[in-house]
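All remarks here apply to the structure that follows.
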Amino acid sequence: MNMRTLPLSREKIRAEVQALGPWFHNLDLAGVKTAPDHFLGDYPAVKWRRFEQSLPADLTGKSVLDIGCNAGFYSIEMKRRGAARVLGIDSDPDYLAQARFAAEVCEANIELRQMSVYQVGEIGETFDVVLFMGVLYHLRHPLLALDLIHAHVARDLLVFQSMQRGSADVMETAENYDFWQTDPFDRPDYPRLHFVEKRYAGDPTNWWIPNRAAAEAMLRSAGFTIVDHPEDEVYLCRRAGAPSPDPLPNTVPEAL
Ligand SMILES: C[S@@+](CC[C@H](N)C(=O)[O-])C[C@H]1O[C@@H](n2cnc3c(N)ncnc32)[C@H](O)[C@@H]1O
């Protein structure tokens, strides 16, 4: 329960921002920037400005699930668009603490839970809008995560973003290839996931980085129809029918 009744002073906000850092999201909390020296600039505001027009301006009455919400930039933006309910989940309690503080300063009523994307089945409801931004390449089991989102929480719109590396061209793959036909795999525009055994960008949580063809193919394979591609890394998708063939019955590891 929020016991504070007065707005926090700029000094208190600055002190709390310092105590909760380091931040990945550069938020503007009543004039205090949380990550002013972000290596991607004013992130994620610069990204958001490139695709915000493609999302519904009015989310009145809608429910939103923000998977990997970090400090809550997108959750707060969804609330600003009138969403009735925003649930942000993240596996990292430090980021959730940032999100809790940011939501308080912004007076945004957001529910936050520490939870992995692999646990979305435990939420027990579906959402009008699911945000799955900047998480896929942090996962050892990326397709499993997409399958679980499709199976358990996505009702209509999926807003997806992933870092991409490799070719930005997308080849039209055939329905099938003969066992002895190996040349498609040599093409840079064939769907590819680049496995990071060690580190990329100094981050040990980067595991599989798709090229553009793989990002799009994985979305389709998990049962999402791509309806818009407003920014290089961002896709708007509609939940389609069950993925074909249905991958869940025998591929979800018990341990997850
Ligand atoms: C690159 S940040 C992206 C944050 C935000 N969605 C955005 O697009 O700006 C990745 C976030 O995913 C979270 N994350 C990583 N693995 C996760 C998992 N298995 N389940 C839920 N969140 C995860 C991280 O803690 C981090 O907050």
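Indexing begins at 1, ligand by ligand and atom by atom, following the structure's order. Basis for what follows: all heavy atoms, side chains included, without hydrogens, waters or symmetry-related copies.
Residue nearest to atom 25 (O) of ligand 1, selected from Leu131, Ile89, Asp90, Val117: Asp90 (by heavy-atom distance). Closest heavy-atom approach to atom 9 (O) of ligand 1 among the candidates Lys47, Met133, His138, His25: His25. Evaluated by nearest non-hydrogen atom to atom 10 (C) of ligand 1, the leading choice among Ser116, Ala145, Gly134 is Gly134.
In this structure, the protein non-hydrogen atom closest to atom 23 (C) of ligand 1 is Ser91 OG, 3.2 Å. In terms of protein heavy atoms, atom 12 (O) of ligand 1 is closest to Val135 CG2, 3.6 Å. Protein heavy atom closest to atom 5 (C) of ligand 1, with residue, atom name and distance, is Gly68 O, 3.3 Å.
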Next on the checklist: Applying side chain to side chain contact (heavy atoms under 4.5 Å, CB included) to Ile67 and Val130, what does each step give before you reach the verdict?
Outcome noted: CA-CA 7 Å; Ile67 300 172; Val130 175; 3.7 Å; yes
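Counting atoms of ligand 1 from 1 in the listed order, those under 4.0 Å from a heavy atom of Asp92 are 25 (O). Interface of Tyr137 with ligand 1, defined as ligand atoms under 4.0 Å from a residue heavy atom, comprises 1 (C). Atoms of ligand 1 found under 4.0 Å from any heavy atom of Asn70, numbered from 1 in the order shown, are 4 (C), 26 (C), 27 (O). Applying the 4.0 Å criterion to heavy atoms of Met115 picks out, from ligand 1, the atoms 21 (C).
Residue Phe73 places no heavy atom under 4.0 Å from ligand 1.
If you look at Tyr74 next to ligand 1, the close heavy atoms, those under 4.0 Å, all belong to the side chain. Residue-level proximity to ligand 1 for Thr205 is absent, since no heavy atom of it falls below 4.0 angstrom. By the criterion of a heavy-atom distance under 4.0 Å, neither the backbone nor the side chain of Phe132 is placed next to ligand 1.
For the pair Arg239 and Asp156, the salt-bridge criterion is not met [side-chain N within less than 4.0 Å of a carboxylate O]. For Glu125 and Arg85, the salt-bridge test passes: some basic side-chain N is under 4.0 Å from an acidic carboxylate O.
The distance between the ring centers of Trp208 and Tyr137 does not fall below 6.0 angstrom.
In terms of hydrophobic clustering, with Ile, Leu, Val, Met, Phe, Trp and Tyr side chains grouped at heavy-atom distances under 4.5 Å, Leu146 and Met115 are assigned to a common cluster.
Between Phe195 and Trp207, the angle of the ring planes stays under 30°, which puts this pair in the parallel group of the 30/60° scheme.
Between Asp66 and the options Tyr74, Phe127, Phe73, a side chain to side chain contact (heavy atoms under 4.5 Å, CB included) holds for only Tyr74. For the pairing with Ile89, the side chain to side chain contact (heavy atoms under 4.5 Å, CB included) check across Leu112, Val120, Leu96 returns one residue only, Val120.
Side-chain contact check for Asp232 versus Gln164: every heavy-atom pair is 4.5 Å or farther apart.
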